[in-house]
Amino acid sequence: MEENILKVFALSTARYFDQVAAGGAILGTPYLRAEGELVALDYAAIIGISGAYHGGVYYTAPHAKLEKLLPIIGEVTPDSQLCADLIGEIANSIAGNAREHLGAGFMISPPFVLTGRSGDVQTPKGTPCYVLPVTWNGHVSRVLVTIESVERGGT
Amino acid sequence: MKLLIVDDSLIVRRAIERTLARSRFTELRTASNGRLALEEFDRFQPDVVTMDITMPEMDGLAAVDAIIRRAPATIILVVSALADKSTAVEAIKRGASGFLLKPVTAQSIQEAMEEVLTD
(Lines give C-alpha, C1' and ligand atoms only; values in the text may rest on other atoms or scores of the structure.)
Protein backbone atom coordinates (compact mmCIF):
# COMPACT_ATOMS: atom_id res chain seq x y z
CA MET A 1 0.00 0.00 0.00
CA GLU A 2 1.31 3.44 -0.86
CA GLU A 3 2.35 5.72 1.96
CA ASN A 4 0.12 8.39 0.40
CA ILE A 5 -2.96 6.28 1.02
CA LEU A 6 -2.14 6.01 4.70
CA LYS A 7 -1.77 9.79 4.79
CA VAL A 8 -5.27 10.13 3.35
CA PHE A 9 -6.71 8.13 6.24
CA ALA A 10 -4.60 10.03 8.76
CA LEU A 11 -6.04 13.28 7.36
CA SER A 12 -9.61 11.92 7.48
CA THR A 13 -9.14 10.80 11.07
CA ALA A 14 -7.67 14.12 12.16
CA ARG A 15 -10.50 15.94 10.38
CA TYR A 16 -13.10 13.97 12.35
CA PHE A 17 -11.64 14.96 15.72
CA ASP A 18 -10.98 18.54 14.58
CA GLN A 19 -14.58 18.95 13.48
CA VAL A 20 -16.34 17.12 16.30
CA ALA A 21 -14.06 17.52 19.31
CA ALA A 22 -12.14 20.70 18.37
CA GLY A 23 -8.98 18.67 17.75
CA GLY A 24 -6.82 17.04 20.36
CA ALA A 25 -6.29 13.76 18.50
CA ILE A 26 -2.69 12.60 18.40
CA LEU A 27 -1.95 10.28 15.49
CA GLY A 28 0.76 7.70 16.06
CA THR A 29 3.07 6.19 13.48
CA PRO A 30 1.23 3.67 11.28
CA TYR A 31 2.60 0.13 11.35
CA LEU A 32 1.95 -3.15 9.62
CA ARG A 33 -0.26 -5.42 11.70
CA ALA A 34 1.67 -8.54 12.70
CA GLU A 35 0.08 -11.91 12.01
CA GLY A 36 -2.17 -12.80 14.94
CA GLU A 37 -1.79 -9.38 16.60
CA LEU A 38 -4.88 -8.54 18.64
CA VAL A 39 -6.14 -5.07 17.76
CA ALA A 40 -9.84 -4.99 18.66
CA LEU A 41 -11.01 -2.77 21.49
CA ASP A 42 -14.53 -2.71 23.00
CA TYR A 43 -16.26 -1.61 19.77
CA ALA A 44 -15.23 -2.01 16.13
CA ALA A 45 -16.87 -0.80 12.91
CA ILE A 46 -16.05 -2.25 9.52
CA ILE A 47 -16.52 -0.43 6.23
CA GLY A 48 -16.32 -2.69 3.19
CA ILE A 49 -14.50 -1.19 0.21
CA SER A 50 -15.35 -1.97 -3.42
CA GLY A 51 -15.08 -0.36 -6.85
CA ALA A 52 -11.57 0.79 -7.77
CA TYR A 53 -10.27 -0.67 -4.49
CA HIS A 54 -11.21 -3.67 -2.44
CA GLY A 55 -10.74 -4.49 1.20
CA GLY A 56 -11.84 -2.70 4.33
CA VAL A 57 -11.41 0.26 6.64
CA TYR A 58 -11.94 -0.40 10.35
CA TYR A 59 -12.17 1.77 13.40
CA THR A 60 -11.94 0.29 16.88
CA ALA A 61 -12.17 2.14 20.21
CA PRO A 62 -12.71 1.53 23.92
CA HIS A 63 -16.06 2.18 25.58
CA ALA A 64 -14.55 4.93 27.78
CA LYS A 65 -13.43 6.96 24.78
CA LEU A 66 -16.80 6.78 23.03
CA GLU A 67 -18.53 7.61 26.31
CA LYS A 68 -16.48 10.81 26.51
CA LEU A 69 -17.13 11.76 22.89
CA LEU A 70 -20.91 11.35 23.05
CA PRO A 71 -21.64 14.35 25.31
CA ILE A 72 -19.56 16.52 22.98
CA ILE A 73 -21.98 15.72 20.18
CA GLY A 74 -24.98 16.39 22.39
CA GLU A 75 -25.76 12.94 23.81
CA VAL A 76 -25.97 13.57 27.53
CA THR A 77 -26.78 10.01 28.60
CA PRO A 78 -24.26 7.76 26.82
CA ASP A 79 -25.11 4.07 26.63
CA SER A 80 -23.85 1.05 24.73
CA GLN A 81 -26.34 1.51 21.84
CA LEU A 82 -25.12 5.07 21.26
CA CYS A 83 -21.48 3.95 21.55
CA ALA A 84 -22.11 1.31 18.87
CA ASP A 85 -23.81 3.87 16.65
CA LEU A 86 -20.98 6.38 17.17
CA ILE A 87 -18.24 3.91 16.26
CA GLY A 88 -20.08 3.20 12.99
CA GLU A 89 -20.45 6.88 12.24
CA ILE A 90 -16.76 7.59 12.94
CA ALA A 91 -15.73 4.76 10.60
CA ASN A 92 -18.17 6.03 7.97
CA SER A 93 -16.75 9.55 8.23
CA ILE A 94 -13.12 8.40 8.04
CA ALA A 95 -13.74 6.17 5.00
CA GLY A 96 -16.15 8.56 3.26
CA ASN A 97 -13.92 11.61 3.72
CA ALA A 98 -11.06 9.64 2.13
CA ARG A 99 -12.92 9.89 -1.18
CA GLU A 100 -11.79 13.50 -1.43
CA HIS A 101 -8.38 12.08 -2.39
CA LEU A 102 -9.21 8.55 -3.57
CA GLY A 103 -12.15 9.53 -5.78
CA ALA A 104 -15.67 8.22 -6.31
CA GLY A 105 -14.27 4.81 -7.34
CA PHE A 106 -13.48 4.24 -3.65
CA MET A 107 -16.91 2.85 -2.81
CA ILE A 108 -17.87 2.34 0.81
CA SER A 109 -20.48 0.14 2.45
CA PRO A 110 -22.63 1.11 5.44
CA PRO A 111 -20.81 0.31 8.69
CA PHE A 112 -21.02 -3.13 10.27
CA VAL A 113 -20.51 -2.85 14.02
CA LEU A 114 -18.98 -5.45 16.37
CA THR A 115 -19.07 -5.15 20.14
CA GLY A 116 -16.82 -6.95 22.60
CA ARG A 117 -13.34 -8.26 21.96
CA SER A 118 -14.17 -11.89 21.28
CA GLY A 119 -12.71 -13.06 17.99
CA ASP A 120 -10.81 -9.84 17.27
CA VAL A 121 -10.97 -7.99 13.93
CA GLN A 122 -10.69 -10.29 10.90
CA THR A 123 -9.06 -8.66 7.88
CA PRO A 124 -8.64 -10.14 4.39
CA LYS A 125 -5.83 -12.70 4.20
CA GLY A 126 -3.02 -11.81 1.81
CA THR A 127 -3.69 -8.06 1.96
CA PRO A 128 -1.42 -6.04 4.25
CA CYS A 129 -3.23 -4.41 7.15
CA TYR A 130 -1.90 -1.13 8.47
CA VAL A 131 -2.74 0.11 11.94
CA LEU A 132 -2.95 3.84 12.67
CA PRO A 133 -3.02 4.53 16.43
CA VAL A 134 -5.14 7.52 17.49
CA THR A 135 -4.95 8.96 21.00
CA TRP A 136 -7.66 11.36 22.13
CA ASN A 137 -8.28 12.45 25.70
CA GLY A 138 -5.87 9.79 26.96
CA HIS A 139 -7.63 6.92 25.18
CA VAL A 140 -6.02 4.94 22.38
CA SER A 141 -8.14 3.83 19.43
CA ARG A 142 -7.08 2.37 16.08
CA VAL A 143 -7.84 2.86 12.40
CA LEU A 144 -7.09 -0.26 10.35
CA VAL A 145 -6.62 0.06 6.60
CA THR A 146 -6.43 -3.03 4.43
CA ILE A 147 -7.12 -2.13 0.82
CA GLU A 148 -5.75 -2.94 -2.60
CA SER A 149 -6.18 -1.10 -5.86
CA VAL A 150 -8.13 -3.31 -8.29
CA GLU A 151 -6.64 -1.66 -11.36
CA ARG A 152 -3.05 -2.16 -10.30
CA GLY A 153 -3.61 -5.41 -8.43
CA GLY A 154 -2.26 -3.90 -5.24
CA THR A 155 -1.08 -0.50 -4.09
CA MET B 1 -42.73 23.54 7.55
CA LYS B 2 -42.30 19.79 7.88
CA LEU B 3 -38.89 18.07 7.96
CA LEU B 4 -37.96 14.45 7.31
CA ILE B 5 -34.49 13.39 8.55
CA VAL B 6 -33.01 10.33 6.80
CA ASP B 7 -29.81 8.72 8.10
CA ASP B 8 -28.82 5.20 9.17
CA SER B 9 -27.02 6.66 12.21
CA LEU B 10 -29.18 7.30 15.25
CA ILE B 11 -26.79 9.90 16.66
CA VAL B 12 -26.79 11.85 13.38
CA ARG B 13 -30.60 11.76 13.20
CA ARG B 14 -30.77 12.98 16.79
CA ALA B 15 -28.15 15.69 16.24
CA ILE B 16 -30.06 17.07 13.25
CA GLU B 17 -33.34 16.79 15.13
CA ARG B 18 -31.99 18.62 18.21
CA THR B 19 -30.55 21.40 16.05
CA LEU B 20 -33.46 21.97 13.72
CA ALA B 21 -36.31 21.44 16.20
CA ARG B 22 -35.42 24.86 17.56
CA SER B 23 -35.78 26.49 14.13
CA ARG B 24 -38.68 26.98 11.77
CA PHE B 25 -39.84 23.36 11.54
CA THR B 26 -43.15 22.56 13.18
CA GLU B 27 -43.05 18.79 12.62
CA LEU B 28 -40.09 16.42 12.31
CA ARG B 29 -39.94 12.74 11.49
CA THR B 30 -37.03 10.37 10.87
CA ALA B 31 -36.16 7.33 8.74
CA SER B 32 -33.09 5.07 8.82
CA ASN B 33 -32.75 4.17 5.12
CA GLY B 34 -33.96 5.18 1.67
CA ARG B 35 -36.81 2.67 1.49
CA LEU B 36 -38.24 3.71 4.85
CA ALA B 37 -37.75 7.34 3.84
CA LEU B 38 -40.02 6.90 0.82
CA GLU B 39 -42.72 5.25 2.95
CA GLU B 40 -42.48 8.10 5.45
CA PHE B 41 -42.39 10.67 2.66
CA ASP B 42 -45.71 9.39 1.25
CA ARG B 43 -47.39 9.51 4.68
CA PHE B 44 -45.84 12.74 5.94
CA GLN B 45 -45.42 14.88 2.79
CA PRO B 46 -42.51 16.92 4.18
CA ASP B 47 -41.39 20.23 2.67
CA VAL B 48 -37.74 19.57 3.48
CA VAL B 49 -35.64 16.38 3.67
CA THR B 50 -32.12 15.81 4.99
CA MET B 51 -30.72 12.76 3.23
CA ASP B 52 -27.68 10.58 3.96
CA ILE B 53 -26.23 8.69 0.98
CA THR B 54 -24.55 5.51 2.27
CA MET B 55 -27.38 3.50 3.83
CA PRO B 56 -28.56 -0.12 3.74
CA GLU B 57 -31.51 -1.28 1.57
CA MET B 58 -31.77 1.89 -0.55
CA ASP B 59 -29.10 4.56 -0.77
CA GLY B 60 -29.73 8.27 -0.56
CA LEU B 61 -29.15 9.08 -4.24
CA ALA B 62 -31.85 6.60 -5.28
CA ALA B 63 -34.14 8.06 -2.62
CA VAL B 64 -33.49 11.60 -3.93
CA ASP B 65 -34.53 10.42 -7.41
CA ALA B 66 -37.73 8.90 -6.08
CA ILE B 67 -38.65 11.92 -3.96
CA ILE B 68 -38.06 14.39 -6.80
CA ARG B 69 -40.25 12.23 -9.07
CA ARG B 70 -43.02 12.35 -6.45
CA ALA B 71 -42.67 16.02 -5.44
CA PRO B 72 -40.21 18.09 -7.49
CA ALA B 73 -40.49 21.14 -5.19
CA THR B 74 -39.12 19.25 -2.18
CA ILE B 75 -36.02 20.85 -0.70
CA ILE B 76 -33.40 18.14 -0.11
CA LEU B 77 -30.19 18.72 1.83
CA VAL B 78 -27.82 15.79 1.32
CA VAL B 79 -25.73 15.10 4.45
CA SER B 80 -22.96 12.65 3.69
CA ALA B 81 -19.36 11.70 4.51
CA LEU B 82 -18.59 11.13 0.80
CA ALA B 83 -16.11 13.93 0.24
CA ASP B 84 -15.39 13.64 -3.48
CA LYS B 85 -16.82 16.51 -5.54
CA SER B 86 -18.53 14.19 -8.01
CA THR B 87 -20.89 12.87 -5.33
CA ALA B 88 -22.06 16.35 -4.42
CA VAL B 89 -22.45 17.24 -8.10
CA GLU B 90 -24.42 14.03 -8.72
CA ALA B 91 -26.75 14.76 -5.80
CA ILE B 92 -27.45 18.27 -7.10
CA LYS B 93 -27.98 16.91 -10.64
CA ARG B 94 -30.62 14.53 -9.28
CA GLY B 95 -32.50 17.39 -7.63
CA ALA B 96 -30.93 17.97 -4.21
CA SER B 97 -30.70 21.62 -3.15
CA GLY B 98 -27.50 21.39 -1.14
CA PHE B 99 -24.75 19.16 0.22
CA LEU B 100 -23.32 19.08 3.75
CA LEU B 101 -20.17 17.07 4.47
CA LYS B 102 -20.02 14.87 7.58
CA PRO B 103 -19.00 14.94 10.33
CA VAL B 104 -21.62 17.54 11.20
CA THR B 105 -21.90 20.00 14.06
CA ALA B 106 -24.93 21.99 15.22
CA GLN B 107 -23.45 25.03 13.53
CA SER B 108 -22.77 23.33 10.20
CA ILE B 109 -26.29 21.83 10.15
CA GLN B 110 -27.89 25.18 10.93
CA GLU B 111 -25.85 27.05 8.32
CA ALA B 112 -26.43 24.48 5.57
CA MET B 113 -30.16 24.41 6.25
CA GLU B 114 -30.39 28.23 6.20
CA GLU B 115 -28.57 28.21 2.87
CA VAL B 116 -30.90 25.76 1.13
CA LEU B 117 -33.99 27.46 2.54
CA THR B 118 -32.95 30.91 1.38
CA ASP B 119 -31.81 29.84 -2.11
Side-chain angles (χ1 to χ4, degrees), chain A residues 8-9 11-22 25 45 47-52 57 59 66 69-113, chain B residues 5-22 30-37 51-63 78-94 99-112:
Chain A
V8 166
F9 289 98
L11 278 173
S12 285
T13 305
R15 179 193 275 178
Y16 182 86
F17 287 93
D18 285 348
Q19 182 85 1
V20 170
I47 304 287
I49 305 301
S50 59
V57 175
Y59 181 66
L66 299 169
L69 263 173
L70 280 166
I72 293 172
I73 58 174
E75 295 293 348
V76 289
T77 50
D79 60 26
S80 55
Q81 186 197 359
L82 292 176
C83 286
D85 194 84
L86 177 58
I87 195 109
E89 191 54 26
I90 296 173
N92 174 61
S93 292
I94 291 170
N97 283 189
R99 282 177 42 141
E100 181 177 0
H101 301 282
L102 301 180
F106 183 78
M107 297 173 72
I108 69 170
S109 74
F112 179 74
V113 174
Chain B
I5 299 163
V6 186
D7 202 298
D8 60 339
S9 164
L10 174 64
I11 56 169
V12 173
R13 293 197 301 274
R14 285 164 51 137
I16 295 173
E17 196 170 358
R18 271 194 306 273
T19 304
L20 298 179
R22 296 191 296 264
T30 64
S32 59
N33 64 51
R35 183 183 61 75
L36 294 172
M51 180 68 74
D52 186 15
I53 293 182
T54 308
M55 294 183 288
E57 294 197 46
M58 177 191 272
D59 72 33
L61 290 177
V78 170
V79 182
S80 170
L82 301 180
D84 57 297
K85 281 187 187 137
S86 61
T87 299
V89 169
E90 183 62 28
I92 302 296
K93 253 172 45 185
R94 292 179 186 220
F99 186 94
L100 174 62
L101 184 64
K102 288 182 180 178
V104 295
T105 62
Q107 188 183 346
S108 68
I109 294 164
Q110 192 75 52
E111 286 174 359

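In what follows, chains are A, B, ... by sequence order, proteins preceding strands, each numbered from 1.
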[atom1] of [X] to [atom2] of [Y]: how many Å apart, nearest 0.5 Å?
X      : Y      : atom1 : atom2 : value
D8(B)  : N92(A) : CG    : CG    : 7.0 Å
I73(A) : I11(B) : CD1   : CD1   : 3.5 Å
L10(B) : Q81(A) : CG    : CD    : 5.5 Å

Top of S108(B), P103(B), A106(B), A15(B) for chain A proximity - count of heavy-atom pairs under 4.5 angstrom:
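Highest number of pairs under 4.5 Å: P103(B).
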Portion of S86(B) that has a non-hydrogen atom of chain A nearer than 4.5 angstrom:
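Contact with chain A is through the side chain of S86(B) alone.
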Is chain A contacted by the side chain of L101(B), its backbone, both, or neither, given a heavy-atom distance below 4.5 Å?
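The side chain, not the backbone.
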Could you give the side-chain donor-acceptor pairs of residues 100-108 of chain A under 3.5 Å, partners two or more places apart or in another chain?
{"unit_1": "E100(A)", "atom_1": "OE1", "unit_2": "R15(A)", "atom_2": "NH2", "d": "2.4"}

What closest approach, in Å, do D85(A) and S9(B) show between heavy atoms, and which atom pair accounts for it?
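Here D85(A) and S9(B) meet closest at OD2-OG, 2.6 Å.
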Taking every non-hydrogen atom, the tightest pair across Q19(A) and T105(B):
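Nearest pair, atom of Q19(A) first, then T105(B): O-CG2, 3.4 Å.
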If you tally heavy-atom pairs under 4.5 Å against chain B, which of P110(A), G88(A), A98(A) wins?
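Maximum pair count with chain B is reached by P110(A).
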Using non-hydrogen atoms only, which part of S12(A) is less than 4.5 Å away from chain B: side chain, backbone, both, or neither?
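The answer is neither part of S12(A).
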At a heavy-atom separation under 4.5 Å, does L70(A) approach chain B through its side chain, its backbone, both, or neither?
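For L70(A), the side chain is the part near chain B, not the backbone.
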